[in-house]
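Letters A, B, ... mirror the listed sequences (proteins, then strands); counts begin at 1. Small disclaimer: the values here were computed from a predicted structure and weren't measured.
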There are 2 protein chains.
Amino acid sequence: MPRKADATQPTAPETPARRSPCPVACALDLFGDRWTLLVIRDLLLGRSRFKDFAASPEGIPTNILSDRLTRLLESGIVSQVPVEGGKRLAYELTEKGRALKPVLAAMKEWGLRWEEGTQVGLESRS
Amino acid sequence: MPRKADATQPTAPETPARRSPCPVACALDLFGDRWTLLVIRDLLLGRSRFKDFAASPEGIPTNILSDRLTRLLESGIVSQVPVEGGKRLAYELTEKGRALKPVLAAMKEWGLRWEEGTQVGLESRS
DNA sequence: TTTTTTACTTGCATTTTGCAAGTCAAATGA
DNA sequence: TCATTTGACTTGCAAAATGCAAGTAAAAAA
């Protein structure tokens, strides 16, 4: 009798399983780390290419960046679109991703108010 | 000639140094991980004791909880107050900590809107 | 067609997690 | 008062995630 290569249960394509039904906890399952929201910040600022994210002043390691972009694609926060007249792809926020703007805005306000020496603008090493 | 035990430079009491002046990045330096904002969520819900945070449905490991509470104290987001008529201390948000409410609120709204099956309430295992 | 640039991948060393199992003072109860 | 029980942490790892520094390969530019 023919069989599939292995006998593991066909549980869904391996999303690590959420920790609780709390919307905050679920959100953190998707972007609760030191880098993901910085990539989303860059996307909200209009950046769209790997090198642009890598050039942000925080200096995200490229292997981490690669991993975070993959996850953001998987969770539907980011999508890829072909760059006009080329074969490369650019990243952009989906509606779900753009809906994070209030989160970033609140964090920005909090940082400006409570963390001495923070400021916006001037965001591009290289 | 008498000397201090070691010759390391007296650089400030070792706060890991921020990655950039961006307010979002600075905020993430303080609570950019999978657990810290859940502790703050619990505090906003009125919980104040170690065991209460540990009893939240996400099940934070106690060593991590201990570490996060220490950092939150160090960054001035949380403070400790004696429990009435006892020697134990309870945790509570400072003004700086309460100012994170809009961040949590935005994340909650986002989660409820975009993550299927999320819901508020029912937050207490044990 | 050669040279650059862009977008990643690989290989580690180090750090951070997560889990289970202590420890010990404070609160409770008999 | 003294024995238990609870609360608040520590400790000890194994496993996973991070952070470099270097590669690599396809696209774009020269």
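- Near-neighbour residues of DNA chain D inside residues 63-73 of chain B, defined by a heavy atom below 4.0 Å, number-ordered: B:N63, B:S66.
- B:L69 contributes atom CG, which lies 7.5 Å from atom CD1 of B:I60 (distance to the nearest 0.5 angstrom).
- A salt bridge is absent between A:R98 and A:E92; no separation between the charged side-chain nitrogens and carboxylate oxygens falls under 4.0 Å.
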For each nucleotide in nucleotides 23-30 of chain D, reading 5' to 3', give B when a protein heavy atom comes within less than 4.0 Å of its base, S when such contact involves only the sugar-phosphate, and - otherwise. ---BSS--
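- Cluster membership for A:L43 and A:L89, using ILVMFWY side-chain heavy atoms within less than 4.5 angstrom, is not shared.
- A:L104 and A:R41 get closest at one heavy-atom pair: CD1-CB, 4.0 Å.
- Not counting sequence neighbours, B:F53 has no partner by the ring-ring contact (aromatic ring centres under 6.0 Å, His included) test.
- Within the 3.5 Å criterion, the main-chain N or O of A:C22 finds no donor-acceptor partner in the side chain of B:T118.
- Between B:P23 and A:K108, the shortest heavy-atom distance links the atoms CB-O, 3.5 Å.
- Within residues 74-82 of chain B, no residue places a heavy atom under 4.0 Å from DNA chain C.
- Defining each end axis of the helix from C:dT1-D:dA30 to C:dA30-D:dT1 as the rotation carrying four pairs' C1' atoms onto the next four, with five pairs an end, the two axes are found to diverge by 30° to 10 degrees.
- Remark: the backbone N or O of B:G97 is not paired with any side-chain donor or acceptor of A:W110 at under 3.5 angstrom.
- For the atom pair CH2 of A:W114 and CD1 of B:I77, the computed distance is 10.5 Å after rounding to the nearest 0.5 Å.
- Atom NZ of B:K101 is surrounded by 12 or fewer heavy atoms from other residues, nucleotides or ligands within 6.0 Å.
- The side chain of B:Y91 contributes no N or O atom lying less than 4.0 Å from OP1 or OP2 of D:dG7.
- Under 4.0 Å is where a charged nitrogen must lie from a carboxylate oxygen, and between A:D33 and B:R34 no such pair does.
- Of the two residues contacting DNA chain D, namely A:T62 and B:K51, the nearest-nucleotide position lying further toward the 5' end is that of B:K51.
- Nearest heavy-atom pair across B:G117 and A:R18 is C-NH1, 4.0 Å.
- In this structure, A:D33 atom CG and D:dA17 atom P are separated by 11 Å, rounded to whole Å.
- Taking both residues in full, the closest heavy atoms of B:A25 and B:R19 are given as O-NH2, 3.6 Å, listed atom of the first, atom of the second, then distance.
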Verdict with supporting geometry, A:L72 and A:I40, side-chain contact (heavy atoms from CB on, under 4.5 Å): CA-CA 9 Å; A:L72 287 170; A:I40 293 170; 4.1 Å; yes
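- In the hydrophobic clustering of this structure, A:L73 groups with A:L30; members are Ile, Leu, Val, Met, Phe, Trp, Tyr whose side-chain heavy atoms approach within less than 4.5 Å, directly or through other members.
- Along DNA chain C, read 5' to 3', the first and last nucleotides having any atom under 4.0 Å from a heavy atom of chain A are C:dT6 to C:dG11.
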